[in-house]
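Note sheet for the following structure.
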Amino acid sequence: MNSSTDRQDASEGACGFTTHLDILREMPIFTGQSLDVLKVLAYLSGSETYRDGDRLCVQGEMFDCCRFLTMGRVEILRAPEHGQAAVVGTAGGGWAFGGLALLTHVKSLYTIRAKGDVECLVLSREKFQKAAERFPQMLPRVLHVVVEHMFTWEAKVLSSLERNAATPEDVHGLTLF
Amino acid sequence: MKFPPDIPALITRRSLFSWVWTSNLKLQGILLVVIVVTVGARVLPLEMQKLIINQAIGLQKLNLLFMYCGYYLAAVVTASGLKLVINTLQTYIGQQSLADLRKKLYAHILTLPMPFFRKASPGMVVQSLVSEVANTGEFVGQAVAVPVTNVLTLLAFATYLFYLNPLMAAISMALYPVAIVVIPFLQKRANAANKERVDTGRKLSTMIGETISGIHEVHSNASFNLENRRFAGYVDKLSQVRVVWNLYKYAIKVSNNFFQSLGPFVLFLVGGYLAINGRFDLGALVAFLSANEKLYDPWKELMDFYQVWQDATVSYGRIMEYFEGEAEFPLLPEAPRPPLTLDGSVAVQDLVMEVPGGIQLLKGVSMDIKPGEQVALVGYSGSGKSTLALCICQINKYSSGRAILSGYDVDATPKSDIADNMGVVAQHPFIFEGTIRDNLLYSINARREAHGIEGEEGLPSLDRIIEAIQQVGLFQDVLRFGLNTVFKKGRKENLVKKIIHIRENYYQEQGETLKNIVEFFDVDKYLYYSPVSANILFGNPNRDEYQPENLAGNPAFLEFLREAGLRQLLVQLGRELAAQTVDILKNVPSPDASFFEQSPVSADEFAAYSDLTTHLQRVKIHEISADEERLLLTLALRFTPGRHKIVGLSRLSEELLLQGRALFMERTGKNDPEAVTFYRREDYIHSQTIMDNILFGRIRTDSPKALDQINKSIISLLIQEDMLERIVELGLDFHVGSSGDRLSGGQRSKVALSRAFLKEPPILILDEATAALDNASQTRIQNLLESKWKGKSTVISVVHRLDTIKGFDKVAVMKAGRIVECASYNELMDKKGMLYELVHGSSGRK
């Protein structure tokens, strides 16, 4: 009698909240957060659905939420400074993006386009910041995760530079923290 | 009438007593008169006692007995009645003074300079204004009444005693010096013991806290005996100290009683001896004893008053010290005159801004801005761009140099003139509890209030307001708020008709595309985006007891729920909803309204449901009281699975509820057809919003894109029906919540920008005002500045992101407190200097 798309939020026993909580516990950016904090963030998260061709975020536009793909596939497009956008990759369920957007005002570096029907969990910066104001231990832990991530990234850049034997001028203003 | 001493204008320099002088002196005068009469009324009974004993009883004259007793009663009743009058006057005077103090103190606080607010905590200000000043009010009320009453009473009684018999009076007075020595001595010992008690108590608490924090260490070492012994030590010491302290306290009480009893003993002894020897009459002895006893009360009141005085002095001193400071700038012109009109020219000469610690935020900045020019201030963080902007608009006080507006120096011009001519938009604007309209008109209303303009004069028209919100990109939001309005039945009937008309047109035009984003009110489907109450009723309640919030208390409805097999289901659902909400939010300190969007519990109900949940953990579901059941049912009836994700709705529950709906329709149709009007396409649903009525369903999604899509398509229909303005007007009455917490950050910024634009000032200062806005809105504001305000108002905009500065007349680049470049965008980019580096990053330099 009811189509499955109507029922996706009200499946047997499970509710949006527990699904969100499970997702957030696995998300790298929230590593180390206490369960109480994660519960609040799961509570504040929402879910969104997209149809084929819809854009989840647009390069150059303000990035104001973090998303986790729960179902479907997306294409990642990147347009160089003067030129057409090209697909640089695809991703499927389990991929998260926009974590850094929770922390500050940034513009998106890429466009994400849905291929087919897509569902994702959404946490907006505003809600995240409201929670962060109230839990002082949240941000230091997020910072810790971000710093580790950057360190890994720097290591990769350095090793790829070693391999390519680039001259220092080619480093293009890369700042090592 | 005493000549009042000079009272300093600055509130923090006033002494505590000055408030007595400025209290209602007329009432204080009346108070004094009443006191004198009261004192007289207190002494009279004593004389009556003497006369009753000596003349009435002694001479056995019955009529005299009645007469003197009559006077006695009259005097006592008068004294009591007048005491009530005294207390009332005291309280009134005190509260009036307190109100005066609060108003003057608040007015003073608002004008304090910025450095004060950087270190002050709002909590401290609240506490000072609300509770700490209370004992000053108490003191002012008592300051005249209590000392005067009691001193006069003491004097009156003492005089009467000496009049009766000087020898005995002298003897009874002799006891006082002894009491004065002994009792303070005991009091000092008691105070010392008390201090030790408090210290020991504090140490005990700390010890317990430490141990509990480190309990895993205690468990792993199994150091239970050790810890118990430590604890016992403190507890024993505490109990010892308490015993000693109480001993001293009782000793003081006993001494007091002893001295009190000693008095009559001495008097009986001496008085009796004199009476036996015929040198003293019985009546006088009785009067003497009465008077002696009565001396205690005024004495005690004076001691209490002394305490009130001390407490008030300490609190008052603390408050005035905290709020010490003067406004940095003159607030009003010295003599009343019409406000200055500035032309918009801004000049800055060698401006230096130094803060405590010798740090210079501005190191000599100079700039010239012509009227109507638009200047962008850019630079790295810490370059001083915000500081400079705030110096120009008289928020910061610069240390040296000059800032000149139309020839007037900023540090010498009254704030009233500057505020009249300036619009300032901060990055985190002040949005206060009230409607959007109140917030939009804040600056204009402030200006009107300052100049005493009343009524409608000076207010912008609705058209102008709509234009302003359109220009900043707030129109869609306000429209959405308007569409979220719910009408009570019977209001705005013509609007209702038009909305039904729009409903039909909209469905015909857009019905197909809407299917994905709207959940229509379909009698055969469960509505996930409507509350349970709407799902069961599936109609418009015509009577109050069927309104959604009253259903849980409606006996007929409760009976229906039981019949339909839904009662236990909903109670359990309510319990889960409460438990989940409390579990998630219990650790969130001061959650604001936005935290309750995902739960059927509202912010002010949270405490009640918290208590209920705790209670329910110990009680079985069939043991709960009727009130508790009502609370749980209320929650369950509000449950909207599309919005509230904390609990899931099982298929079984859904089926039961749908069957319940059918049963409700059947039962109501049979028993009480007038109670509810079921949803029909041609009827307006008063319990739903305008938007829900137009769609005849609820929107499924929160995605701004979908909402925009719907909004845009509705707008043209609203215009056709000539309803657009009405809806926008409704939207302007939306309540933004405390600190505007029902608005998003972007919406708050737009309100603040609109506020400044509506004021139409000659100078606009924007301090990163568009930082919270998305690209489209930023561009829109930028275009607005260039098209509407160029040449009309001077704009100084502190900009962090550099993509919007191309249209400015001048760009001033700051670094470390100085302007390093100042010219048009193109000139600076061609020069390839600092601005170029900022825009392209240091890698751009080749």
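Below, chains carry the letters A, B, ... as their sequence lines are ordered, and counting in each starts from 1. Keep in mind that this is a model prediction, so the values were computed, not measured.
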> So B/Leu802 and B/Val378, side chain to side chain contact (heavy atoms under 4.5 Å, CB included) or not? Walk me through it.
Replying inline: CA-CA 8 Å; B/Leu802 301 172; B/Val378 306; 3.8 Å; yes
> Under a 4.5 Å heavy-atom cut-off, does chain A meet the side chain of B/Glu519, its backbone, both or neither?
Replying inline: neither
>> Sub-4.5 Å heavy-atom contacts with chain B: which residues of residues 59-92 of chain A show up?
In response: A/Gly60, A/Glu61, A/Met62
>> Less than 4.5 Å to any heavy atom of chain B: does that hold for the side chain of A/Phe135, its backbone, both, or neither?
In response: side chain
> Stepwise, does the side chain to side chain contact (heavy atoms under 4.5 Å, CB included) test hold for B/Val582 with B/Val601?
Replying inline: CA-CA 9 Å; B/Val582 167; B/Val601 179; over 6 Å; no
> For B/Asp477 and B/Gln747, does a side-chain donor sit closer than 3.5 Å to a side-chain acceptor?
Replying inline: yes
> chain A: which of B/Asn587, B/Asp774, B/Leu773 shares the most heavy-atom pairs with it under 4.5 Å?
Replying inline: B/Asn587
> Does the side chain of B/Glu597 come under 3.5 Å of the side chain of B/Ser594 through a donor N or O and an acceptor N or O?
Replying inline: no
>> Any carboxylate oxygen within less than 4.0 angstrom of a Lys/Arg side-chain nitrogen, looking at A/Lys39 and B/Asp583?
In response: yes
> Do other residues, nucleotides or ligands put more than 12 heavy atoms under 6.0 Å from the NZ atom of A/Lys115?
Replying inline: no
> Are there more than 12 heavy atoms of other residues, nucleotides or ligands under 6.0 Å from atom CD of A/Gln137?
Replying inline: yes
> After noting the C-alpha distance and the side-chain angles of A/Leu143 and A/Leu139, does the key distance pass the side chain to side chain contact (heavy atoms under 4.5 Å, CB included) rule?
Replying inline: CA-CA 6 Å; A/Leu143 182 63; A/Leu139 287 179; over 6 Å; no
> Which bit of B/Asp803 is near chain A, if near means a heavy-atom gap under 4.5 Å: side chain, backbone, both or neither?
Replying inline: side chain
>> Is B/Leu585 close to chain A through its backbone or its side chain, or both, or neither, when contacts mean heavy atoms under 4.5 Å?
In response: side chain
> Which answer fits B/Ser653, side chain, backbone, both or neither, if we ask what part of it has an atom under 4.5 Å from a heavy atom of chain A?
Replying inline: neither
>> Is it true that A/Asp22 and A/Thr19 share a donor-acceptor pair across their side chains at a distance under 3.5 Å?
In response: no
>> Does any backbone or side-chain atom of A/Arg125 lie under 4.5 Å from a heavy atom of chain B? Answer side chain, backbone, both or neither.
In response: neither
